[in-house]
Amino acid sequence: MSSVMKFSSQEGGHEEGNERLDLLHVSDPTVKNLSLPSDTFLKAAISLKNQGVQVTWEGGCEGHSSNCTDPTVYTGLLGTAFTCLRSYEATGSHQDLLVCADIVDTCASVARASSRHVTFLCGRGGVYALGAVAANYIGDHAKRDLFLDHFREVAQERALPIGPEEGGFGMSYDLLYGRAGFLWAALFINEHLGPDTLPSGFLMPVVEAVLAGGRAGTSDNTACPLMYRWHGTRYWGAAHGLAGILHVLLHFPLSPEDSEDVKGTLRYMMSNRFPHSGNYPSSEGNPRDKLVQWSHGATGMAITLCKASQVFPTDREFRNAAIEAGEVVWKSGLVKKVGLADGVAGNAYAFLSLFRLTGESIYLDRANAFASFLYHNARKLVTVGHLREADQDYSLFQGLAGTACLWFDLLAPERSRFPGYEL
């Protein structure tokens, strides 16, 4: 195990450079000294969730859809709804559930008019999936069914199940904006409402289109069975690239051939890590070893490899690679951002995934250490990040709401899951 936890600087969530600063060194045997008790995390999570509701909802959007300019889970108001749902799951607060449902209603009216995307994190798929789940918990079956009908209407978009042989390159395949993001929304519905809510026959044509698109994308690189482009770049990360797409595919029943292509793609990525650091490139052929976060680099891969290890338990290489990716996250240290996408909160979830996979307490200790650091420094990191608007300070993926979810998840780490990524 690594003996160092350090503070580092990672500027930007895409391709910007970063500097690493060795400001804090902590050995693994003493990392428990950094951890806070569970009741401290609970109180902090509830307080942070309440502040997010006040700023993003009660401060202007409540009941006024015209004041809601971003209805998404990723950076918008729907992220507050998701955080309220996570709070309800952790505390049983019915008030949180009602606030979640009210926010979804406002986001739904905005999304119907403006959202062209169909994904969970950045589109209508998230609005309708979250709405159906919240309504079901409340016991409003009529509204649940209405949201499910809206989701099924989204699924009728012709681009979703069209493979490349039929000209189906018009819709991307990535998690944020493409078909994988739609499939994740469907998985979220089935996870909460029952596995047959959206039947396999409803979703597998989209899965098959994603696989076909990946095979077509390898025409100039036969060494990798699946490859995808987003805006012309072959990304590897969770947000726009292979890690995110493969993670979603691993949740579906795959044929032996499909399974081999998924495994072969993971092996290709594992064999092309940076030899010195063990980190993963942000995109195909990119020589810059800069980013260790969920969006790009070892964090997202660690979580995806944990899932692969669960799906293919006899292939020990995926478990080993997940552990190695977690070591990269630990050695990389504490980044200067707070959010799930490219900050400390997102990196902490890699350790929680490894804890669930291995049962080894060292990973829970590391997650607690990162979470405890956030308890003392989260607001400073938001200031450093120079978020332009106050409501974005509390967004799920770029702001503080992701930290609240992390603190809630530490109350029952064996059931933890990265928001919008793990089920």
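Values below: every heavy atom of this structure, side chains too, minus hydrogens, waters and symmetry copies. For this chain, numbers begin at 1 and follow the sequence in order.
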| query | Does the side chain of His192 pick up a donor-acceptor pair with the side chain of Tyr137 at under 3.5 Å? | reply |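 Per modelled atom types, His192 and Tyr137 side chains form a pair under 3.5 Å.
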
| task | Check the side chains of Asp70 and Thr75 for a donor-acceptor pair under 3.5 angstrom, ignoring hydrogens and angles. | result |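 Judged by distance alone, the side chains do pair up.
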
Side-chain contact test, heavy atoms from C-beta onward, threshold under 4.5 Å: evaluate it for [X] versus [Y] and give yes or no.
| X | Y | result |
| --- | --- | --- |
| Tyr349 | Thr299 | no |
| Met269 | Leu242 | yes |
| Phe147 | Val133 | no |
| Leu250 | Gln310 | no |
| Val248 | Val210 | no |
| Ile245 | Leu175 | no |
| Asp102 | Thr106 | no |
| Thr218 | Thr265 | no |

Separation of [Y] [atom2] from [X] [atom1] (nearest 0.5 Å):
| X | Y | atom1 | atom2 | answer |
| --- | --- | --- | --- | --- |
| Ser282 | Glu284 | OG | CD | 11.0 Å |
| Leu246 | Lys307 | CG | NZ | 13.0 Å |
| Arg234 | Arg229 | CZ | CZ | 5.0 Å |
| Leu364 | Leu410 | CG | CG | 7.0 Å |
| Leu187 | Phe120 | CG | CZ | 11.0 Å |
| Asp315 | Arg267 | CG | CZ | 5.5 Å |

Residue pair [X] / [Y]: nearest heavy atoms and the distance that separates them:
| X | Y | answer |
| --- | --- | --- |
| Thr83 | Ala404 | CG2-CB, 4.1 Å |
| Leu354 | Cys306 | CD2-SG, 3.7 Å |
| Ala350 | Val329 | CB-CG2, 4.4 Å |
| Ala243 | Tyr421 | O-OH, 3.1 Å |
| Ala186 | Leu203 | CB-CD2, 3.5 Å |
| Ala325 | Tyr280 | CB-CE1, 4.4 Å |

I'd like to know if the side chain of [X] and the backbone of [Y] have a donor-acceptor N/O pair within less than 3.5 Å.
| X | Y | value |
| --- | --- | --- |
| Asn279 | Leu291 | yes |
| Asn286 | Pro281 | no |
| Ser47 | Ala44 | no |
| Asp174 | Tyr177 | yes |
| Ser395 | Gly399 | yes |

| Glu327/Arg366 under salt bridge (Lys or Arg N to Asp or Glu O under 4.0 Å): CA gap, chis, key distance, verdict | CA-CA 11 Å; Glu327 290 302 301; Arg366 291 177 173 184; 2.8 Å; yes

| said: Can you pull out every salt bridge (Lys or Arg N to Asp or Glu O under 4.0 Å) where at least one residue sits in residues 401-419? Sequence neighbours excluded, please. | reply: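 Qualifying pairs, neighbours excluded: Arg86-Asp409, Glu89-Arg417.
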
| What pairs of residues pass the salt bridge (Lys or Arg N to Asp or Glu O under 4.0 Å) test when at least one of them lies in residues 39-52, not counting sequence neighbours? |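 Residue pairs passing salt bridge (Lys or Arg N to Asp or Glu O under 4.0 Å), neighbours aside: Lys49-Asp96.
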
| request: Tell me, with the steps shown, if Tyr235 and His296 meet ring-ring contact (aromatic ring centres under 6.0 Å, His included). | output: CA-CA 8 Å; Tyr235 285 106; His296 304 287; 5.7 Å; yes

| request: Apply side-chain contact (heavy atoms from CB on, under 4.5 Å) to the pair Val73 and Cys122, showing each step before the final yes or no. | output: CA-CA 6 Å; Val73 171; Cys122 294; over 6 Å; no

| said: Just checking Phe182 against Phe151, ring centres under 6.0 Å apart? | reply: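 Judged by ring-centre distance (under 6.0 Å), Phe182 and Phe151 do meet the cut-off.
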
| Taking the six-membered ring for Trp, is the centroid-to-centroid distance between Tyr88 and His94 below 6.0 Å? |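 Tyr88 vs His94: aromatic centres not under 6.0 Å.
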
| task | Please step through side-chain contact (heavy atoms from CB on, under 4.5 Å) for the pair Gln398 and Gln392, ending with a clear verdict. | result | CA-CA 7 Å; Gln398 298 291 343; Gln392 288 192 7; 6.0 Å; no

Parallel, tilted or perpendicular: which describes the rings of [X] and [Y], with under 30° parallel and over 60° perpendicular?
| X | Y | answer |
| --- | --- | --- |
| Tyr74 | Trp294 | tilted |
| Phe188 | Trp184 | parallel |
| Tyr268 | Trp236 | tilted |

| task | Give a yes or no on whether a salt bridge exists between Arg215 and Asp258, defined as a side-chain N under 4.0 angstrom from a carboxylate O. | result |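 Counted as a salt bridge, because a side-chain N and a carboxylate O are separated by less than 4.0 Å.
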
| Are Glu157 and Arg179 ion-paired here, with the side-chain N under 4.0 Å from a carboxylate O? |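 Here Glu157 does not pair with Arg179 in a salt bridge, since their nearest N and O are not under 4.0 Å apart.
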
| said: Which residue is it: Arg356, His251, His247? I am looking for the one with a side-chain hydrogen bond (donor to acceptor under 3.5 Å, both in side chains) to Glu422. | reply: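 Filter result, single survivor: Arg356.
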
| field | Identified side chain to side chain contact (heavy atoms under 4.5 Å, CB included) counterpart of Thr80 within the set Ile103, Leu85, Leu396 | value |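 Of the listed options, the one satisfying the test is Ile103.
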
| query | Pick one: which of Trp407, Phe408, Tyr375 meets side chain to side chain contact (heavy atoms under 4.5 Å, CB included) with Leu48? | reply |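 Result for side chain to side chain contact (heavy atoms under 4.5 Å, CB included) with Leu48: Trp407.
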
| query | Is the Lys NZ or Arg CZ of Lys263 less than 6.0 Å from the centre of Phe318's six-membered ring, within 45° of the axis? | reply |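 Geometry flag: not set, cation outside 6.0 Å or 45°.
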
| said: The criterion is salt bridge (Lys or Arg N to Asp or Glu O under 4.0 Å); which residues satisfy it with Glu324, sequence neighbours excluded? | reply: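 Arg273.
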
| task | Run the numbers on Val53 and Glu58 for side-chain contact (heavy atoms from CB on, under 4.5 Å), then give the verdict. | result | CA-CA 6 Å; Val53 170; Glu58 296 171 355; 3.9 Å; yes

| request: Please say which of Phe370, Tyr363, Phe418 ends up in a ring-ring contact (aromatic ring centres under 6.0 Å, His included) with Phe351. | output: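 Of Phe370, Tyr363, Phe418, ring-ring contact (aromatic ring centres under 6.0 Å, His included) with Phe351 is met by Phe370 alone.
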
| query | Going through the checks in order, is the side-chain contact (heavy atoms from CB on, under 4.5 Å) test met by Thr72 and Thr119? | reply | CA-CA 9 Å; Thr72 70; Thr119 64; over 6 Å; no

